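We number each residue from 1, following the sequence as shown. Computed from a predicted structure; not experimentally measured.
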Amino acid sequence: METLKKHRCFDGQLGFYKHDSEVNNAPMTFAVYMPPQAKKKRVPVLFYLSGLTCTEENFMAKAGAQQYAAKHGIALVSMDTSPRDLGLPGEEDSYDFGAGAGFYVNATEQPWARYYQMYDYVVDELPALIFEHFRIDKDRVSIFGHSMGGHGALVIALRNPGKYRSVSAFSPIVAPMHNDWGTKAFSGYLGDNKETWKQYDTCELVKETNSNIPLFVDQGMKDEFLTDYLQPERLEAVCQEQNHPLTLRKHNGYDHSYYFISTFMEDHIDYHADLLLA
Ligand SMILES: N[C@@H](CCC(=O)N[C@@H](CSC=O)C(=O)NCC(=O)O)C(=O)O
């Protein structure tokens, strides 16, 4: 693991790192914020999954989360949204597929399958690396994310009952099987058999999961992607039908940006802190 840069931040330390990912067969970058409490003891950790086009830095630079993580004594981890610079055909052609758009799936289609194993990366490989190198309590782990990363966080929590203490999302893509972002990604990474897509679709998983983990979601009602890509009404309907616990807060006037995310970041960190520090 190579340290790229470090910054003191709210009396803790924010570091940017690079390592050779075994599951992705490629170098990956990630960031870790260690709160001041970690100087003396192991701390819980909150993983953040970013949206389309993001690297690990968007969240650390724009979300304003470190001040709340420092207050509660929680570590934050963010990671790049895909491997990069692989030279694959089409890798850089669009913002919603290939580099910056891994969709947190394990690709099965060529040429992506060898490199785009982002589900396994987030669920297994990166946590193992983090637990080895940082003073973190591996039994107190939560997850959240934004947009494509909100989709990733919800899917990962629903598919891994007991692994995460809590999950939340800003403006998540809750039904990728039913919009152009999701169908483009899933057909490219997973192929045409839609049965294989269901394991990565939050609304489908709510019907099947053994997990009863509550879903905490914030959505801006002036979000430019609301109707065509985010479709929170689908999550509302399926959670009601399945009696799955959901808190969906709708915020008038807010868009899809990090201005929205930073506005409600304190609520999300407080929510996770309640469960991580219980
Ligand atoms: N049209 C834009 C789309 C990219 C975009 O809006 N990305 C969002 C996430 S969208 C869903 O996953 C984002 O978080 N951007 C980074 C940021 O710092 O705001 C484009 O072409 O870039």
Q. Does Val45 share a hydrophobic cluster with Leu276, counting links as ILVMFWY side-chain heavy atoms below 4.5 Å and allowing steps through other members?
A.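 No, it is not one cluster - the side chains of Val45 and Leu276 are not joined through contacts under 4.5 Å.
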(Q) Met118 vs Met28, test: side chain to side chain contact (heavy atoms under 4.5 Å, CB included). Steps then yes/no. (A) CA-CA 10 Å; Met118 287 299 290; Met28 288 292 299; 3.9 Å; yes
Closest contact, heavy atoms only, [X] versus [Y]:
X      : Y      : value
Glu92  : Asp85  : OE2-OD1, 4.0 Å
Gln231 : His178 : NE2-O, 3.2 Å
Thr196 : Gln199 : O-NE2, 2.9 Å
Met148 : Gly100 : CE-O, 3.8 Å
Asp218 : Arg249 : OD1-NE, 2.6 Å
Val123 : Tyr164 : CA-OH, 4.0 Å

Nearest-0.5 Å distance, [atom1] of residue [X] to [atom2] of residue [Y]:
X      : Y      : atom1 : atom2 : value
Glu109 : Leu190 : CD    : CG    : 7.5 Å
Tyr95  : Thr53  : OH    : OG1   : 9.0 Å
Ile173 : Tyr104 : CD1   : OH    : 10.0 Å
Ser82  : Leu88  : OG    : CG    : 10.0 Å
Phe225 : Ser147 : CZ    : OG    : 7.0 Å

(Q) The test is side chain to side chain contact (heavy atoms under 4.5 Å, CB included); show your working for Lys5 and Glu57 and say whether it passes. (A) CA-CA 12 Å; Lys5 55 183 178 174; Glu57 191 155 22; 2.9 Å; yes
For [Y], does its backbone N or O pair with a side-chain atom of [X] as donor and acceptor, under 3.5 Å?
X      : Y      : answer
His151 : Phe103 : yes
Asp80  : Thr29  : no
Gln13  : Cys9   : no
Gln37  : Ile74  : no

Aromatic ring proximity [X]/[Y], centre distance under 6.0 Å:
X      : Y      : result
His146 : Phe59  : no
Tyr116 : Tyr189 : yes
Tyr33  : Phe10  : no

Q: Give a yes or no on this: more than 12 heavy atoms of other residues, nucleotides or ligands lie within 6.0 Å of atom CD of Glu22.
A: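 Not more than 12 within 6.0 Å, no.
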Q.
Is it the case that atom OH in Tyr259 sees more than 12 heavy atoms from other parts of the structure closer than 6.0 Å?
A.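 No, because the 6.0 Å sphere around OH of Tyr259 holds 12 heavy atoms or fewer from other groups.
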Q: Could you point out which residue of Tyr258, Tyr271, Tyr254, Phe170 forms a ring-ring contact (aromatic ring centres under 6.0 Å, His included) with Phe264?
A: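 By the ring-ring contact (aromatic ring centres under 6.0 Å, His included) criterion, Phe264 pairs with just one of Tyr258, Tyr271, Tyr254, Phe170: Tyr254.
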Output a table of donor-acceptor pairs, distance under 3.5 Å, between side-chain atoms of residues 235-243 and any protein atom two or more places apart or on a different chain; print 'none' if there are none.
unit_1 : atom_1 : unit_2 : atom_2 : d
Glu236 : OE1    : Lys250 : NZ     : 3.3
Glu236 : OE2    : Lys250 : NZ     : 3.3

Do [X] and [Y] have side-chain heavy atoms sitting under 4.5 Å apart?
X     : Y     : result
Phe30 : Phe47 : no
Leu76 : Tyr48 : no
His72 : Val43 : no

Q: Would you kindly check if the NZ (Lys) or CZ (Arg) of Arg42 is within the cone defined by 45 degrees around the ring axis of Phe131 and under 6.0 Å from the six-membered ring centre?
A: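 Judged by the rule (NZ or CZ under 6.0 Å from the ring centre, within 45° of its axis), Arg42 is not positioned above Phe131.
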(Q) So that I can tick it off, tell me whether Lys194 and Glu204 are bridged by a salt bridge, with the cut-off set at under 4.0 angstrom between side-chain N and carboxylate O. (A)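 Judged by the 4.0 Å cut-off on N to carboxylate O distance, Glu204 and Lys194 do not form a salt bridge.
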**Q.** Lys/Arg N to Asp/Glu carboxylate O, Lys207 vs Asp201, below 4.0 Å
**A.**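 No.
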